[in-house]
Amino acid sequence: MLEVPINRITTLNDEQPNMDAPYVLYWMIAFRRVNYNFSLQRAIEWANKLSKPLLIFEPMTIDYPMASIRFHKFAIEGMKDIQKQRIAEKEYVRAHDFRRFMHKNIEDFLVEVPEKDPLEYLNLKFDEKLIEPMLKKYELVDFNKVNTQDFLNNLNVDKSVEVSDVVGGYNAAKSRLDLFAKKGFNDYSKLRSHPSEDASSQLSPYFHFGHISTYEVFEKIISSESWSVENIDPNFVGRREGWWGGSANLESFFDELITWRELGYHTCVKRANYDQYQSLPDWAIKTLDDHANDEREYIYDLSEFTNANTHDEIWNAAQNQLKTEGRIHNYLRMLWGKKILEWTPNPQIALSYLIDLNDRFALDGRDPNSYSGVFWILGRYDRAWGPERPIYGKIRYMTSKSTATKFNLKPYLEKWSVGSTV
DNA sequence: ATCGGCTCGCGCAA
DNA sequence: TGCGCGAAGCCGAT
């Protein structure tokens, strides 16, 4: 097993290991999987070094402050991918700028990859005797022995957000990945924006919960079209496509999987106020402010938005998908957000509604990438667009009418229109 | 169907 | 200092 790279390790205190302890405890929060997992690999290094058994504890927290800590840890872990020094301390305000950095340094990240099966390298194998006393002592739940629905019914969390049919966990993530590699990926660059097509990976919730590694997804895709790091083209600096030296599908999928994902983490780590209105670029704040008092033709409150109760059939369908399934199709999520900006009294209220709806209902809510999506609505990573319009100012404008012209929405609307029985 | 204009900021070449 | 370029836009002209 290769050593965990030093730049992926954070020392939290100066204490020496307690040699009398019966085991090394791995507190599995951010990367809830046993494959391609540097954290687990590090725990195994310690277990082997100290000749102690490894105990993996996967906790579940329900109070928001803990969730916030988990979110931040997750963000920091992910950020280590791109903390490869030189120009790395700065903040990137656009994907365009970030790509230059990625293009130059990506090979370094692709060399130091986590092991597929780090548990194979554990010297002391699984000891059943260690488990039962732990379960008793701390009153822990073994979900293989407890009915999940019963457990949820007795849990002290918000039950108004109903469970989604989307299945969590590594196995579901792997099935989804296999299906995507075999089918959706082949039309990815052409169809990913089409709401009625099944061409996007839909892996975001699994990344958010750490159920699958981006490394595993990356390896699956490159093996499917025999791509290797030698394909990276030193030309195309600063260009969106072409520098990976792969198919159009690979170029556009890697732009999502790697460039945009890393950029989102980068922003959350570098900007303490990443979730605040004031973190938007100056030009966006100025133009939104210039139009804060513009007349709004429609205004809805949070409850009306939540219940998909607007005048717009497309918007309601998108919200219904979010409320029911815990996600919105990529393209429609942009339109969905733009309309919230348009139909609220001011952009600060719009932002608070966007964050509430996204974090409450989306399976990938609270993820750095969620914040990329939400803040993009208000101008982050984007540029000014003319002509200047009411409410939006120079913020990129979108309409349901154009969306309906561009795509065949019929199958999507049949599935997700409010009251639809399909 | 395709194109230019609208508009801003970054990196880089000159 | 000027130029190319950009998460997916919109609109009107050709």
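Reminder, nothing fancy here: chain letters follow the sequence lines and each chain counts from 1. Keep in mind the model is a prediction, meaning the values are calculated, not measured.
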Could you state the atom-to-atom distance from CZ of A:Arg383 to P of B:dT7 in whole Å?
13 Å
Under 4.0 Å between a side-chain nitrogen and a carboxylate oxygen: does that hold for A:Arg333 and A:Asp364?
yes
Euclidean distance, atom NZ of residue A:Lys286 to atom P of B:dT7 [Å, nearest integer]
13 Å
Whole angstrom value for the distance that separates P of B:dC6 from CZ of A:Arg396
17 Å
Dot-bracket for DNA chain C, 5' to 3', Watson-Crick and G-U pairs with both distances under 3.5 Å, [ ] for crossing pairs, | for partner on another strand, reads ||||||..||||||
What nucleic acid atoms does A:Trp385 come within less than 4.0 Å of, heavy atoms only: base, sugar-phosphate, or nothing?
base
Using a 4.0 Å heavy-atom cut-off across all strands, classify A:Met334 as base, sugar-phosphate, or nothing.
base
Euclidean distance, atom CD of residue A:Glu256 to atom C1' of C:dA7 [Å, nearest integer]:
7 Å
Does B:dG9 have A:Trp283 stacked on its base, where the ring centres are within less than 5.5 Å and the planes differ by under 30°?
no
Sorted by chain and number, sequence neighbours left out, ring-ring contact (aromatic ring centres under 6.0 Å, His included) with A:Phe218 holds for A:Trp227, A:Phe254
Using a strict threshold of under 4.0 Å (side-chain N to carboxylate O), is an ion pair present between A:Asp290 and A:Lys286?
yes
Tell me, with the steps shown, if A:Trp260 and A:Tyr381 meet ring-ring contact (aromatic ring centres under 6.0 Å, His included).
CA-CA 10 Å; A:Trp260 280 98; A:Tyr381 307 134; 5.6 Å; yes
Between B:dT7 and C:dT1, how far apart are the two P atoms, rounded to whole Å?
23 Å
For a quick test of reading the model: is some side-chain N or O of A:Lys394 closer than 4.0 Å to OP1 or OP2 of B:dC8?
yes
Kindly point out which of B:dT7, B:dG11, C:dA7 is positioned nearest to the side chain of A:Asp97?
B:dG11
Counting any heavy atom closer than 4.0 Å, what does A:Arg99 reach on the DNA or RNA strands: base, sugar-phosphate only, or nothing?
sugar-phosphate
Let me know the distance between NE2 of A:His329 and P of C:dA7, rounded to the nearest Å.
19 Å
Is the closest side-chain donor-acceptor distance between A:Tyr170 and A:Glu216 under 3.5 Å?
yes
Among C:dC10, B:dG11, C:dG6, find the nucleotide with the atom closest to the side chain of A:Ser402.
C:dC10
Rounded to whole Å, the CZ-C1' distance (A:Arg94 to C:dG6) equals 8 Å
Can you tell me if the side-chain N/O atoms of A:Arg261 get under 4.0 Å from OP1 or OP2 in C:dA7?
no
If I take atom OH in residue A:Tyr392 and atom C1' in nucleotide B:dT7, what distance separates them, rounded to the nearest angstrom?
17 Å
Within a reach of under 6.0 Å around CG of A:Asp14, are more than 12 heavy atoms found that belong to other residues, nucleotides or ligands?
no
Would A:Asn369 and A:Asp367 count as having a side-chain donor-acceptor pair, cut-off 3.5 Å?
yes
Hey, what do you get for CH2 (A:Trp283) to NZ (A:Lys394), rounding to the nearest 0.5 Å?
9.0 Å
Rounded to whole angstrom units, what separation is found between the CE atom of A:Met102 and the C1' atom of B:dG11?
18 Å
With P as the reference atom in both, quote the distance from B:dA1 to C:dA7 in angstrom, rounded to an integer.
27 Å
Candidates C:dC10, B:dT7, C:dA7 - which lies nearest the side chain of A:Tyr397:
C:dC10
